[in-house]
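Sending over a structure as structure tokens; questions will come in a sec.
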Amino acid sequence: MQTSFETLQLKSELIKGLKAQNIVKPTAVQALTYPAFLEGKDLIVESYTGSGKTLAFLLPLFTKIKQEERANQALILAPTHELAHQIHEQIKRLATNSEMPITSTILMGEMSIEKQIDKLKNKPQILVGSPGRILDLISKKKINVTTLETVILDEADNLLESNQGATVKKLLHQIGHEVQVTLFSASMSEKVCALAAPFLHEPKLLQTASKTELNPLLSHLYLKTEVRDKFENLKKLLQTTNTQKALVFVSQHTDTSVLVEKLNYHGFTVATISGKLSKEERKNALTKFKSGKVKILLSSDLSARGLDVAHIDHIFHYDLALTPQDYLHRAGRSARNGEKGTSISLITPKDLGIIRVLERTFQIQLEEVSLVKGRLKNLTTNSFIEPMTTIEVVEEVPDSKKRNKYPKGFTSDSGKKTKKKAAESNQPKAVKQEKCTPKAKTVPTKLAKKKNFATKNQTTTPSLEDSFLSGSLADALKLIEEAGWDD
């Protein structure tokens, strides 16, 4: 197997573009796919999640595209909006970094078809989108299928086995047999191959392993729980692992709004993504998660397909995946690009059978863990799992824009500002770091007010000056009159 992009004879422009993304060596699936793709063969490619399948088809596609021709040359089908956008963004990034004038556009439902038709007038070379919208545009004769040379089905098993299957078949019939058809997924069953067979000509099967496998960089754990204790145990797991970016998967029957509300109440930053939300709501949630504004993304199986977010360290299965394929795609959202990851399932007594099925299917061992005095213990190895260590970044607190109700030079502590400044000026400048250390307790505002109230009600008679400073304007005027200060 080839071990470098140079030995694969990849274009120098592409090698330069990949280096800009800190990619200097092909993965196994990329090395395996590149030469076969360029031979023009129909392909069925299976490789575990996070192995680099997107670039496995984009690199040879960029080599194959005729840059001087302004025509629709390739079609990439994806099962979800999120995956289609990721592929489109990767195409734009690779084209920019490689300085190759290859154009693409995204064609999805829930988006303005008029705007998409306008973009098609520019004849982008690569079309990325959902089967339904693309078939609609073909029927309106806005896409010229006669110029297409390549069709790629990403997450092909999902496209062919789901309710989109009939649309995909109709679309492939419309395109005809004169194009190269390639299928990519982490799980290719005999059923998927049979569904795709009518549209493939002597396809070549490419696998990075002899059978469907999970990412070897993943650890698989499970925690036994009663249904009534599931949320409490999820909360403890999130705290104990100190996860910095995690996906929490739920079934379609779980009320995500209640779960989000509970997590927020306990101080976790959460966004949610599911098929019930609009495209814009899902996009906003994903943007927050990718940018780090929220640490936890609560999701149905919608985002288990092709979601590529960097540095997801934990996958939590609040509701266990119903099939091995679902588990494979869920867990594969972590341990991507050579990083390690952990998949933790919350299981009730009735779920033990599914755990055994997963172990037999993927030839792995799911290790049981328990929560012991705020720590996570691996019962298989009888050792504690240390939480993730993070570097705390202290951000400068911006100055408040709230207007000071006191005159310039005065504060609410009756003119002690000057003394405080003088005291601070005698401290070394390094004392700025004291914001990172615990401070002495201060009296809460309400208690302080009560203390002042008690002082005013003492039997000692206040001085005339004190009365003047503490009383109302009417009291002050009365005191002035009695003292004869107005003469």
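FYI, side chains are in, hydrogens and waters are out, and symmetry mates aren't considered; it's all heavy atoms of this structure.
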field: Inter-residue atom distance Thr225.OG1 - Asp351.CG, 0.5 Å rounding
entry: 10.0 Å

- line: Interatomic distance, OG@Ser130 vs CG@Leu107, rounded to 0.5 Å, equals 8.0 Å

query: Any chance the side chains of Ser334 and His314 put a donor and an acceptor closer than 3.5 Å?
result: no

query: Checking side-chain contact (heavy atoms from CB on, under 4.5 Å) against Val260, which of Asp255, Ile296, Val248, Val270 comes through?
result: Val270

message: Are more than 12 heavy atoms, taken from residues, nucleotides or ligands other than Lys279, located less than 6.0 Å from that residue's NZ atom?
response: yes

task: Report yes if the side chains of Leu366 and Glu359 come closer than 4.5 Å at any heavy-atom pair, otherwise no.
output: yes

message: Within the 4.5 Å heavy-atom criterion, are Leu352 and Lys224 side-chain neighbours or not?
response: yes

query: So, Arg282 side chain and His81 main chain: donor-acceptor pair closer than 3.5 Å or not?
result: no

message: Can a donor-acceptor pair be found, under 3.5 Å and without considering hydrogens, that links the side chain of Thr33 to the backbone of Gln30?
response: no

task: For residues 216-236, pull every pair meeting ring pair (Phe, Tyr, Trp, His ring centres under 6.0 Å), keeping only residues two or more places apart or in separate chains.
output: His220-Tyr327, Phe231-His266

field: Chi angles and distances behind the side-chain contact (heavy atoms from CB on, under 4.5 Å) call for Phe384, Val372
entry: CA-CA 9 Å; Phe384 285 99; Val372 181; 4.1 Å; yes

Non-hydrogen side-chain atoms of Ile76 and Leu61 separated by less than 4.5 Å: yes

message: Can you confirm whether Asn382 sits close enough to Lys377 that some side-chain heavy atom of one is under 4.5 Å from a side-chain heavy atom of the other?
response: yes

message: Surrounding CD of Glu367 (heavy atoms of other residues, nucleotides or ligands, distance under 6.0 Å), is the total greater than 12?
response: yes

query: Checking Thr103 side chain against Gln125 main chain: does a donor-acceptor pair fall under 3.5 Å?
result: yes

- request: Could you grab the distance from atom NZ of Lys53 to atom OH of Tyr48, nearest 0.5 Å is fine?
  value: 9.0 Å

message: Any side-chain to backbone donor/acceptor pair from Glu110 onto Ser278? Under 3.5 Å, distance only.
response: no

task: Determine yes or no for a side-chain-to-main-chain donor-acceptor pair under 3.5 angstrom, with Ser185 supplying the side chain and Met188 the backbone.
output: no

query: With no hydrogens and no angle check, do the side chains of Ser47 and Thr208 hold a donor and an acceptor under 3.5 Å apart?
result: yes

- request: Test side chain to side chain donor-acceptor pair (under 3.5 Å) on Thr243 and Asp313 and set out the steps.
  value: CA-CA 7 Å; Thr243 180; Asp313 45 69; 2.5 Å; yes

- prompt: Pick from Thr348, Asp319, Thr254: which one makes a side chain to side chain donor-acceptor pair (under 3.5 Å) with Lys230?
  reply: Asp319

- prompt: Is it the case that more than 12 heavy atoms not belonging to Lys235 sit under 6.0 Å from its NZ atom?
  reply: yes

statement: Between the NZ atom in Lys245 and the CD1 atom in Ile312, the distance rounded to the nearest 0.5 Å is 7.0 Å

Over 12 non-hydrogen atoms of neighbours within 6.0 angstrom of NZ in Lys119: no

Show me the donor-acceptor pairs, under 3.5 Å and distance only, between side chains in residues 160-169 and residues at least two apart or in other chains.
| unit_1 | atom_1 | unit_2 | atom_2 | d |
| --- | --- | --- | --- | --- |
| Ser162 | OG | Asn158 | O | 2.7 |
| Ser162 | OG | Gln164 | N | 3.2 |
| Gln164 | NE2 | Pro79 | O | 3.3 |

task: Test Asp308 against every option in Gln86, Arg336, Arg333, Gln90 by the side chain to side chain donor-acceptor pair (under 3.5 Å) rule and name the one that passes.
output: Arg336

field: Pairwise distance CG(Leu223) to CD1(Ile344) - rounded to 0.5 angstrom
entry: 8.0 Å

field: With sequence neighbours excluded, residues passing ring pair (Phe, Tyr, Trp, His ring centres under 6.0 Å) with Phe184
entry: Phe57

- request: Please answer whether the main-chain N or O of Lys295 pairs with a side-chain N or O of Thr269 as donor and acceptor at a distance below 3.5 Å.
  value: yes

- request: Could you tell me whether the side chain of Asn215 and the main chain of Ala335 form a donor-acceptor pair under 3.5 Å?
  value: yes

task: Please examine the side chains of Phe5 and Leu59, heavy atoms only from C-beta on, and report whether any two atoms are closer than 4.5 Å.
output: yes

message: Quick check against the 3.5 Å criterion: does Gln244 have a side-chain atom that pairs as donor or acceptor with the backbone of Asn242?
response: yes

Main-chain N/O of Ile347 paired with His317 side-chain donor or acceptor, under 3.5 Å: no

query: Between Leu32 and Thr27, is any pair of side-chain heavy atoms under 4.5 Å apart?
result: no

Reported CD-to-CG distance for the pair Glu46 and Leu183, which is rounded to 0.5 angstrom: 11.5 Å

- prompt: Short question: side chain of Asp154, backbone of Ala78 - any donor-acceptor pair under 3.5 Å?
  reply: no

